[in-house]
Structures are given as structure tokens and as C-alpha cells.
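Take a look at the structure set out below.
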Amino acid sequence: MYTKEEILNSAKENNVRFIRLQFTDIFGVLKNVATTTSQLEKALAGDLMFDGSSIDGFVRIEESDMYLQPDLSTWAILPWMGKETRTARLICDVLKADRTPFEGDPRYILHKALAEADEMGYSMNVGPEAEFFLFQTGPDGKPTLHTNDSASYFDLTPVDGGERARRDIILALEEMGFEVEASHHESAPGQHEIDFKYAGALAAADKVQTFKYVVRVIAQNHGLHATFMPKPLFGVAGSGMHINQSLFTKDKNAFFDPDGENQLSSTAYHYLGGLIHHIKALTAIVNPTVNSYKRLISGYEAPVYIAWAQKNRSPLVRIPAKRGISSRMELRSPDPSCNPYLAFAVVLKAGLDGIKNKMTPPPPIEGNIFHMREAEMAAKDIETLPANLNEALRELKKNRLICDFLGEHILDRFIAAKNLEWEEYRTSISQWEIDNYLTKF
């Protein structure tokens with residue numbers, strides 16, 4: 001944590017001249033209002049206003065006056081912006097004109113879920129794993145679909161053409177306070193992963209937004225285009241954002257029980273039961289684009305089947321082998337196009353509902369589900385995730401718990417925008433259709 005005085009001193013000592021007050025819209029897009037250090041004290045007091053009606057999904061024009069309240073713990077200097085006149089950022093909560101929390105602020109929704117967990121005696125830790133692609137840019141600077149290498153899992157330079165960019169991304173992240181644990185080339189050409197240390201859910205969501213911002217900026221500095229689009233290329237694996245999660249009671253991992261089955265506590269099993277019970281509704285939030293469902297197909301390591309396991313990676317939820325303080329569960333379906341604040345919030349809400357109602361998960365499936373026949377899966381009651389955005393939205397609208405939790409403001413605007421996205425996709429004519437039908441009929 002920083003105090004206001006420490007931030008003011010940091011700005012002065014590091015010659016910070018510009019401040020970016022960042023916040024996130026309903027659809028997970030990072031926004032900012034820029035100001036100068038002459039206004040820093042006013043900004044730290046939460047006295048800077050902005051026009052909320054200009055942000056997609058926020059408010060009507062007659063309700064446009066809104067405040068940005070910085071979270072002082074998010075103070076960071078942007079390392080790539082030069083040394084002589086430096087730029088810093090603060091991540092903000094959005095407040096209405098009467099200074100109450102704005103119900104359309106995704107960060108507020110996560111605050112709300114964490115407050116419920118706190119009332120039950122829990123805090124949530126999250127370790128996200130967001131994958132991304134690096135593409136070459138054309139002579140006009142616009143992105144192409146040509147990757148900058150043909151490498152695969154864990155390849156090295158010179159096969160891994162993104163290693164230099166990845167190195168500079170890591171250096172920038174570390175200067176901004178990240179503890180980077182590992183990085184490597186992923187399975188598809190041009191695909192990469194950088195893993196950073198888990199944190200409390202709110203800090204982890206802030207880090208995801210910062211991570212995506214840093215990756216895109218540093219890639220641009222290397223003449224590349226970074227994208228967190230779930231499935232930009234046909235025939236190769238898409239990009240996921242696995243959510244590793246655990247609950248703690250003070251300094252004790254609530255998922256661990258040395259005497260429990262598989263050394264997991266009843267809390268862990270009930271939480272898992274809640275996740276699986278609500279997962280179809282959660283899918284619209286953790287896989288929020290038309291393109292998300294091009295990744296969620298069998299054969300490319302993305303989970304399609306609603307099941308859990310400890311050893312294999314084909315089910316939706318995996319329980320990694322580590323126990324004790326590291327006990328956790330990994331939800332494998334989310335992708336990095338999701339809004340991390342909403343994603344972490346609804347996942348936590350589902351798990352807490354499982355704890356409250358003592359939900360029981362189905363038996364684990366340790367065999368490779370991708371190799372099972374339909375009859376075998378039916379015998380084991382293994383269902384599938386929604387096959388497209390339209391199906392996922394229908395499941396979301398049916399789930400009263402998640403709908404009520406998100407609130408009318410976010411729910412109505414999210415569903416309206418996503419219905420429009422689906423309808424535009426459904427009625428558009430793809431290049432595949434032109435290639436296959438134009439001369440045939």
C-alpha cells in the first residue's frame with residue numbers, strides 16, 4: 001500500500017509529469033483519463049470527474065457526471081514512457097455523482113463478491129494464465145495474420161521469434177511490481193504465455209488488465225501486434241486464460257485438509273460443486289465473444305466437457321498436485337477476452353453458493369475425455385459447455401443467482417450488446433461461405 005504522501009513524493013522524485021487514471025468498461029476494455037501532476041492531489045482525493053455517458057455500457061447522457069477514485073495500491077510508473085518526463089498510472093473505482101459506487105463498474109462487482117466471501121470468513125487468491133499471439137505488422141503498421149515464428153511448445157531462439165519481445169515485456173512488468181514466475185512459447189506458432197505470481201482476486205484482476213496493456217505496448221515497440229483474441233488462427237490451439245483459485249481463512253488454505261479425501265477439504269468439494277453447477281451460466285462471462293467458441297472445440301486442449309479431475313487436463317476443472325498452502329483448483333475454460341473483474345466475481349459467487357448449499361461435485365473423470373465415445377460420456381453424465389455465444393447467453397438468463405448478482409445495470413447492457421454481436425455474426429457472410437458456395441450453386 002502507498003499513502004498519498006508517498007505517491008506525491010514518488011512522482012516528484014521520479015520526475016513524473018503525467019498521470020493516467022485507468023478504469024475498465026463492462027466489456028473488459030481498459031480506459032483512462034489523463035492528467036498532469038499539477039492535478040495529482042486532486043486526483044488522489046477522488047475529485048476528478050469524467051463523462052460516463054461516453055463509455056460504452058455506462059450511463060445515459062443525463063447521468064454523465066462521474067468520479068474516479070484511485071486505488072492507491074495500484075500506483076506504478078510506466079517504464080517505457082521515457083525518463084525525462086515520466087508517466088504513471090492509478091487504477092480507479094468509478095463513483096456516481098453522489099460519491100456512491102457505480103453499479104456498472106466491473107471492479108465494484110468484484111468488490112461485492114469479495115465482501116460476501118469476507119462475511120463467510122474467506123479471502124480469494126487467483127493466479128491467471130493469459131496466453132496471447134504475436135503477429136507481424138504490414139507496411140502500413142496494421143496487423144496481419146502472419147505470425148513472427150513457426151515455433152511450438154518451449155522452443156528457443158532462433159525458432160522462437162518472440163523471445164526478445166517477451167523478454168522486454170517481462171522487464172517492464174517487473175519494473176511495475178510483478179513477480180514473473182515463468183514464460184515460454186506456447187503450442188501454436190506465434191503464441192506465448194507469461195505467468196506471474198498469484199494475488200488476491202482484486203489485485204489479480206488489476207494485474208490482468210495491466211498485463212494485457214503492457215504486452216500490447218511492448219509488442220508494438222517491436223513492430224509486432226499482440227492480441228488476446230481467443231482464436232485468431234484456424235487449425236491451431238487458441239488462447240486461454242486459466243483461472244487458478246483458492247480460498248483462505250486468514251493464513252490457512254481453506255481447500256486443504258490433510259485428512260480429507262485427496263487431501264481436499266469439504267469446503268473445496270462444495271466450492272467445486274458450485275462451480276460445476278453454475279458453469280453454463282458463467283460461460284457467457286468467461287467466454288464473452290463469438291470468437292471464444294471457436295476455441296472451445298474438442299482437439300485443441302481447450303475444455304469442452306463439464307467434468308473435473310486431478311491428473312489429466314481434458315476436463316473443465318483440474319486439481320493440481322500440490323497440497324498445503326498451494327492447494328487450488330484450475331478452471332480451464334476462460335479466455336483472455338473476458339473482463340477479469342466480472343470473471344473472477346462470478347466464479348467466486350458460484351463457488352460460495354456451492355459452499356452455502358453444500359453442493360457435491362460429480363465423481364472425478366481421470367480418463368482422457370477427448371478419446372471417449374458419446375455413449376461412454378453419456379453413461380458418466382458428462383455434459384458439454386454451451387456451443388456458441390447465443391447458447392451461453394440463454395444459460396446466463398436462466399440463472400437467477402448470477403443474474404441477480406451482476407445486477408440489472410450490467411446484465412441488461414451486457415446481454416443487449418452480446419445479442420447484437422451474435423446477430424451481426426449470424427447474419428454476416430463469411431469468406432468460408434463464399435469459397436464453398438459461390439461457384440457450386
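As a basis for the values below, the full set of heavy atoms in this structure was taken, side chains included, without hydrogen atoms, waters or symmetry mates.
Using a 4.5 Å heavy-atom threshold, the side chains of F135 and L233 count as touching. Looking at heavy atoms from C-beta onward, F256 lies out of side-chain contact with I325 at the 4.5 angstrom threshold. In this structure the side chain of F344 reaches within 4.5 angstrom of the side chain of V208, judged on heavy atoms. The side-chain heavy atoms of E116 and K356, taken from C-beta on, include a pair separated by under 4.5 Å. Counting only heavy atoms from C-beta outward, the side chains of L348 and V126 never approach each other to under 4.5 Å. Within the 4.5 Å cutoff, no side-chain heavy atoms of T289 are placed close to those of L389. Between Y108 and V94 there is no side-chain heavy-atom pair separated by less than 4.5 Å. Using a 4.5 Å cut-off on side-chain heavy atoms (C-beta onward), L385 and Y293 make no contact.
The side-chain hydrogen bond (donor to acceptor under 3.5 Å, both in side chains) test applied to K207 returns no partner, not counting sequence neighbours. Residues forming a side-chain hydrogen bond (donor to acceptor under 3.5 Å, both in side chains) with Q263 (at least two apart in sequence, or on another chain): none. Residues that satisfy the ring pair (Phe, Tyr, Trp, His ring centres under 6.0 Å) test with F255, not counting sequence neighbours, are Y271.
Pairing each heavy atom of A254 with each of T249, the nearest pair is CB-CG2, 4.2 Å. Looking at every heavy atom in both residues, V304 comes nearest to I297 through CG2-C, 3.5 Å. Nearest heavy atom pair, residue P189 against residue S150, reads CB-CA, 4.0 Å. Here the closest non-hydrogen pair linking H146 and T144 is N-OG1, 3.1 Å. Taking all atoms of both residues into account, the shortest heavy-atom contact from N339 to G28 is ND2-N, 3.3 Å. For the pair L134 and A219, the tightest heavy-atom approach, listed with the atom from each and the gap, is CD2-CB, 3.8 Å.
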### Message
Before you tell me yes or no, could you show the steps for E391 and K280 under salt bridge (charged side-chain N to carboxylate O under 4.0 Å, His left out), namely the whole-Å CA-CA distance, both residues' side-chain angles and the distance that decides it to 0.1 Å?
### Response
CA-CA 9 Å; E391 287 185 16; K280 289 185 179 181; over 6 Å; no
### Message
Go through it in stages, so that I can follow the logic: the residues are S73 and D71, the test is side chain to side chain donor-acceptor pair (under 3.5 Å), and I'd like the CA-CA distance, side-chain angles, deciding distance and then a yes or no.
### Response
CA-CA 5 Å; S73 69; D71 182 334; 2.7 Å; yes
### Task
Begin with the C-alpha distance, continue with both residues' side-chain angles, and end with the deciding distance and a verdict on side chain to side chain contact (heavy atoms under 4.5 Å, CB included) for M329 and I243.
CA-CA 8 Å; M329 56 189 70; I243 299 177; over 6 Å; no
### Task
In sequence, state the C-alpha distance, the side-chain angles, and the governing distance for K212 and F132, and then conclude on side chain to side chain contact (heavy atoms under 4.5 Å, CB included).
CA-CA 9 Å; K212 292 199 282 189; F132 59 95; over 6 Å; no
### Trace of the side chain to side chain contact (heavy atoms under 4.5 Å, CB included) decision for F178 with V214
CA-CA 11 Å; F178 280 63; V214 171; over 6 Å; no
### Task
Mind running side chain to side chain contact (heavy atoms under 4.5 Å, CB included) on I279 and E395 for me, showing each step along the way?
CA-CA 9 Å; I279 190 58; E395 292 292 341; over 6 Å; no
### Task
Show the numbers, then the answer: is there a side chain to side chain donor-acceptor pair (under 3.5 Å) between D93 and H111?
CA-CA 10 Å; D93 293 307; H111 276 300; 3.2 Å; yes
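Heavy atoms from other residues, nucleotides or ligands lying under 6.0 Å from CZ of R323 number more than 12. Taking a 6.0 Å sphere around CZ of F248, one finds it holds more than 12 heavy atoms contributed by other residues, nucleotides or ligands. Around the CD atom of E421, the shell of radius 6.0 Å holds more than 12 heavy atoms that belong to other residues, nucleotides or ligands. The number of heavy-atom neighbours closer than 6.0 Å to CD of E408, taken from other residues, nucleotides and ligands shown, is 12 or below. Annotation for L171: atom CG counts as buried by contact number, over 12 foreign heavy atoms lying within 6.0 Å. Counting non-hydrogen atoms of neighbouring residues, nucleotides and ligands closer than 6.0 angstrom, the OH atom of Y213 exceeds 12 such neighbours.
Going from atom NZ of K418 over to atom CG of N390 covers 13.0 Å, rounded to the nearest 0.5 Å. In this structure, H222 NE2 and R167 CZ are separated by 6.5 Å, a value rounded to the nearest 0.5 Å. For the atom pair CG (N253) and CG (L264), the distance works out to 9.5 Å, reported to the nearest 0.5 Å. Between atom NE2 of residue H192 and atom NE2 of residue H184 there is a gap of 11.0 Å, rounded to the nearest 0.5 Å. Taken to the nearest 0.5 Å, the CH2 atom of W75 stands 14.0 Å off from the CE atom of M1. How far CZ of R20 is from CG of N32: 5.5 Å, rounded to the nearest 0.5 Å.
Put simply, the side chain of T137 gets close to the backbone of G223: a donor and an acceptor are under 3.5 Å apart. The backbone N or O of K349 lies less than 3.5 Å from no partner atom in the side chain of D353, so there is not a single donor-acceptor pair. Under the 3.5 Å distance criterion, the side-chain polar atoms of Q310 are left unmatched by any main-chain donor or acceptor of A321. Between the side chain of R107 and the backbone N or O of L202 there is no donor-acceptor pair closer than 3.5 Å. Within the 3.5 Å criterion, the main-chain N or O of V16 finds no donor-acceptor partner in the side chain of N14. Under a 3.5 Å cut-off, the side chain of N291 and the backbone N or O of K231 do form a donor-acceptor pair.
Under the side chain to side chain donor-acceptor pair (under 3.5 Å) criterion, the residue pairs touching residues 325-336 are H242-E330, N244-R328, N287-D335, S292-D335, R318-E330, E330-R332, D335-S337, with sequence neighbours excluded. Applying the salt bridge (charged side-chain N to carboxylate O under 4.0 Å, His left out) test to every pair with at least one member in residues 239-257, sequence neighbours left out, gives no pairs at all.
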Donor-acceptor pairs under 3.5 Å, side chain of residues 40-50 to any protein atom, not counting sequence neighbours: which ones?
unit_1, atom_1, unit_2, atom_2, d
D47, OD1, R99, NH2, 2.8

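For the residue pair N357 / H277, no side-chain donor-acceptor distance below 3.5 Å is found, with atom types taken as modelled.
Ring geometry for F27 versus F414: interplanar angle under 30°, hence parallel rather than tilted (30 to 60°).
Salt-bridge annotation for E131 and R295: absent, with no side-chain N of the basic residue lying under 4.0 Å from a carboxylate O of the acidic one.
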